[in-house]
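Counting from 1, the numbers follow the sequence of the chain as shown.
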Amino acid sequence: DPLKKNTSLQTIHRHVQNMNLLKGLYDIKLHEDNRLGYCNTKHLLTPAEVAVIGAAIYNITSLTDDEKKIIFDKMKSVTTADGGSIAYGFERQLSLENSPRREFSKGILSKVERICKAIVEGKKITFNFKPNDNLSDERKITASPYSIVEKDNEIFLTAKVDSSPKPIDFRLTFISRIEIQTEEFQSDRKFSIARHLSGINKDAPQIELRISFPENLIENVLKHFEKNKKSQCRPIRRESSDDSPRRFAITILVGEDERLYEWLRQHCDKVKINFPDNVRKKLKDQLSKALSTL
């Protein structure tokens with residue numbers, strides 16, 4: 001119906017005019033190619049605006065996942081780096097729809113909610129981190145939260161600690177007492193979630209790594225190193241017949257990059273590096289530097 005269509009266009013024009021009057025925040029004009037509609041030539045979306053708009057788009061049932069991904073991808077080009085990370089988070093979440101809901105308990109979601117609030121506000125956070133049941137290993141950490149990521153059906157906080165040269169992934173199940181600080185943090189414009197998750201440096205030298213670990217870590221070892229196409233894993237063998245608890249060993253041809261050291265830091269309480277010595281020394285130096293700041 002042409003009359004109905006014309007009425008809709010008049011309504012849109014009126015809304016656009018009203019938005020352009022809002023304290024100079026917007027300068028919305030008709031695109032030079034009329035088929036592309038309107039474009040905002042002045043205002044970049046803030047992370048908070050991306051979060052609100054993204055949540056609305058995410059819950060629209062009339063759009064397909066592919067259509068939503070296209071919108072989120074476009075949002076990245078009209079916002080800041082932090083806003084792009086928020087848009088990426090919505091886009092990535094679409095690919096996790098088939099993940100079991102039971103993986104995301106109320107406790108995990110409440111932690112994610114507080115971390116997201118800190119990300120949007122650009123504030124540092126403090127939290128208690130306890131990677132095992134030993135109370136003496138619990139540490140209080142101050143960090144700049146970059147993003148929430150999902151790896152191997154686990155949820156992690158990707159954050160930058162002053163003592164670490166690279167962002168670190170903290171498993172949310174090991175985190176408690178999250179508090180948002182008044183101190184703001186500056187986002188690293190070079191940080192990319194996609195690049196961080198891949199963690200692969202194509203130029204990294206290949207080394208022969210020999211590690212030993214307890215039986216309950218076998219699945220994690222295979223899953224982590226076998227999904228890296230550059231890695232070659234020799235069969236796992238029993239380290240000793242009289243070990244209690246039982247420990248196993250494996251030799252891996254792998255790139256010596258940040259992805260490797262990130263995994264070793266996460267499992268340093270269980271994994272022993274048998275070879276080479278320079279990897280063991282480098283990991284020890286990284287952990288000592290981190291502990292010295294606590």
Taking side chain as C-beta onward, heavy atoms only, is F248 less than 4.5 Å from I218? yes
Salt bridge or not between E121 and K117? Use side-chain N to carboxylate O under 4.0 Å. yes
Restricting to non-hydrogen atoms, name the atom on S176 and the atom on E138 that form the minimum distance, rounded to 0.1 Å. OG-OE2, 4.1 Å
Heavy-atom check, side chain of F213 versus side chain of I250, under 4.5 Å: yes
Looking only at atom types and distance, does a side-chain atom of R280 sit under 3.5 Å from a main-chain N or O of I273, one as donor and one as acceptor? yes
May I ask you to decide if I178's main-chain N or O and R114's side chain share a donor-acceptor pair within less than 3.5 Å? yes
Closest non-hydrogen contact found for N278 with E256 is ND2-OE2, 3.9 Å
For K111 and L172, indicate whether the former's side chain and the latter's backbone hold a donor-acceptor pair under 3.5 Å. yes
Determine the interplanar angle of the F129 and F170 rings, folded into 0 to 90°, and report it as parallel if under 30°, tilted if 30 to 60°, perpendicular if over 60°. perpendicular
Do you see a donor-acceptor pair shorter than 3.5 Å between the side chains of R265 and Q286? yes
With a 4.0 Å cut-off on N to O distance, would you call E183 and K124 a salt bridge? yes
Is the shortest heavy-atom distance from the side chain of L157 to the side chain of I125 under 4.5 Å? yes
Under a 4.5 Å cut-off applied to non-hydrogen side-chain atoms, are T126 and R177 in contact? no
Tell me, do K123 and Q181 make a side-chain contact under 4.5 Å, heavy atoms counted? no
Would a hydrophobic clustering, with Ile, Leu, Val, Met, Phe, Trp and Tyr connected at side-chain separations under 4.5 Å, put I70 with Y88? no
Show the nearest heavy-atom pair for residues A51 and V120, with the distance to one decimal. CB-CG2, 4.5 Å
Any side-chain heavy-atom pair from R139 and N128 closer than 4.5 angstrom? no
Would W263 end up clustered with L222 when hydrophobic side chains under 4.5 Å apart are linked, directly or stepwise? yes
Let's go through I57 and M75 carefully: what are the C-alpha distance in whole Å and the side-chain angles of both, what is the deciding distance for side chain to side chain contact (heavy atoms under 4.5 Å, CB included) to 0.1 Å, and is it a yes or a no? CA-CA 11 Å; I57 294 172; M75 289 175 69; 4.1 Å; yes
For residues A143 and V161, report the shortest heavy-atom separation together with the two atoms involved. CB-CG2, 4.0 Å
Could you measure the distance from the CD1 atom of I168 to the OH atom of Y261? Nearest 0.5 Å is fine. 15.0 Å
Rounded to the nearest 0.5 Å, how far does NZ of K270 lie from CD1 of I211? 13.0 Å
Measure across F185 and S144 and return the closest heavy-atom pair with its distance rounded to 0.1 Å. CB-OG, 3.2 Å
How far does OG1 of T79 sit from CD of E49, to the nearest 0.5 angstrom? 8.0 Å
State plainly whether the residues K281 and D277 are in salt-bridge range, i.e. N to O under 4.0 Å. no
Can you measure from CD1 (I148) to CD1 (I119) and round to the nearest 0.5 angstrom? 5.5 Å
Can T142 and D162 be said to form a side chain to side chain contact (heavy atoms under 4.5 Å, CB included), step by step? CA-CA 8 Å; T142 301; D162 291 341; over 6 Å; no
Heavy-atom distance under 4.5 Å between the side chains of I141 and I175, does that happen here? no
Shortest non-hydrogen contact between Y146 and P167, atoms and distance: CE2-CG, 3.8 Å
Could you tell me whether K69 and E91 have a side-chain N and a carboxylate O separated by less than 4.0 Å? no
Below 4.0 angstrom, N of the basic side chain to O of the carboxylate: do K76 and D73 qualify? yes
Between L287 and V271, is there a shared hydrophobic cluster once you connect ILVMFWY residues whose side-chain heavy atoms come closer than 4.5 Å? yes
Spacing of CD1 belonging to I115 relative to OG belonging to S147, to within rounding of 0.5 Å: 10.0 Å
Kindly indicate whether the side chain of S212, heavy atoms from C-beta on, has any atom under 4.5 Å from the side chain of N274. yes
For K284, all residues meeting salt bridge (Lys or Arg N to Asp or Glu O under 4.0 Å), sequence neighbours excluded: none
